[in-house]
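Following: one structure in structure tokens, then a few remarks.
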Amino acid sequence: MEIAIIAHDGKKAEMIQFLMDFKALLISKEIQLIATGTTGKNAEKAGFKVTKFLSGPFGGDAQIAARVAEGKTDMVLFFRDPLGMHPHEPDIAMLMRLCDVHNVPLATNPSTAQLLIKSI
């Protein structure tokens, strides 16, 4: 199973804490993690094996959206900062739309992500 992890700057620490909380489950289920650039670097520093794509503003969200459309990504955990301005908002909207089009579970906050992870 492939899970994409993405977090806006103000949510990166929350994402890493979330991954640490579920590290045993991710390892036991042999979950493949993919991530946008900076989120992936932070996850690697925390000891996770991650396939990294470009940073979100440079096309990473679009790269992950393409994997969703190709049927390669099974779940997306995207901890968004709803109060911040993001220049790559069109890419974010595309990713969310493609998750809906292809029926891929998408969590945009830790509470929803927890429900999805516990369902695996």
Side-chain angles (χ1 to χ4, degrees):
M1 172 178 248
E2 179 176 285
I3 297 178
I5 55 169
I6 308 165
H8 284 143
D9 289 344
K11 301 291 183 173
K12 288 190 190 318
E14 245 180 317
M15 175 62 78
I16 300 310
Q17 184 59 56
F18 178 85
L19 293 172
M20 295 302 291
D21 291 346
F22 290 96
K23 189 171 191 171
L25 179 100
L26 294 168
I27 291 169
S28 71
K29 298 288 185 175
E30 299 180 6
I31 303 298
Q32 306 284 322
L33 293 176
I34 66 168
T36 49
T38 312
T39 302
K41 285 179 191 173
N42 289 345
E44 283 180 335
K45 286 180 187 175
F48 291 90
K49 183 180 176 193
V50 182
T51 300
K52 295 185 303 291
F53 293 95
L54 296 172
S55 177
F58 291 96
D61 300 322
Q63 288 177 303
I64 290 176
R67 292 185 69 80
V68 168
E70 293 167 354
K72 295 178 180 176
T73 300
D74 303 297
M75 183 183 297
V76 177
L77 307 180
F78 188 171
F79 290 6
R80 300 179 65 218
D81 180 358
L83 302 178
M85 295 290 294
H86 307 286
H88 57 292
E89 192 64 39
D91 292 344
I92 294 167
M94 175 186 54
L95 172 60
M96 295 173 69
R97 180 182 157 284
L98 286 172
C99 285
D100 288 342
V101 167
H102 294 279
N103 201 29
V104 171
L106 166 68
T108 59
N109 61 62
S111 295
T112 306
Q114 184 175 347
L115 290 171
L116 289 178
I117 286 291
K118 286 181 174 180
S119 74
I120 323 181

Checking [X] now: which residues fulfil side-chain hydrogen bond (donor to acceptor under 3.5 Å, both in side chains) with it, not counting sequence neighbours?
X: D9; answer: none
X: Q32; answer: none
X: T51; answer: none

Members sharing I27's hydrophobic cluster, built from side-chain contacts under 4.5 Å between Ile, Leu, Val, Met, Phe, Trp and Tyr, are none
Connected to F22, directly or through other members, by ILVMFWY side-chain contacts below 4.5 Å are M1, I3, I5, M15, I16, F18, L19, M20, L25, L26, I31, L33, F48, V50, M75, L77, F79, L116, I117, I120
Keeping to residues at least two apart or across chains, list the side-chain hydrogen bond (donor to acceptor under 3.5 Å, both in side chains) pairs with something in [range].
range: residues 68-85; answer: E2-T73, E70-K72, R80-E89
range: residues 90-101; answer: none
range: residues 18-30; answer: Q17-D21
range: residues 108-120; answer: N109-T112

Practice task
Quick one: pull up OG1 in T38 and CG in L54 and give me the separation to the nearest 0.5 Å.
Solution key: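 Between atom OG1 of T38 and atom CG of L54 there are 10.5 Å.
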Query - Nearest heavy-atom neighbours spanning T39 and A7 - result: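 Of all heavy-atom pairs spanning T39 and A7, the closest is OG1-N, 3.2 Å.
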Requested in this report: Mind listing the closest non-hydrogen atom pair of M94 and A65 along with its distance?
Outcome: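 Minimum heavy-atom contact is CE-CB, 4.0 Å.
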Worksheet item: Under the side-chain contact (heavy atoms from CB on, under 4.5 Å) criterion, do T36 and D61 qualify, and how do the steps go?
Response: CA-CA 7 Å; T36 49; D61 300 322; 3.6 Å; yes
Ring pair (Phe, Tyr, Trp, His ring centres under 6.0 Å) filter on F78, not counting sequence neighbours, yields H8
**Study point:** In one Ile/Leu/Val/Met/Phe/Trp/Tyr side-chain cluster, 4.5 Å: I92, V104
**Key:**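 Yes, same cluster.
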Where at least one partner belongs to residues 47-57, residue pairs that pass salt bridge (charged side-chain N to carboxylate O under 4.0 Å, His left out), sequence neighbours excluded: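 Qualifying pairs, neighbours excluded: E44-K52.
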Partners of P57 by side-chain contact (heavy atoms from CB on, under 4.5 Å), sequence neighbours excluded?
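S55, H88.
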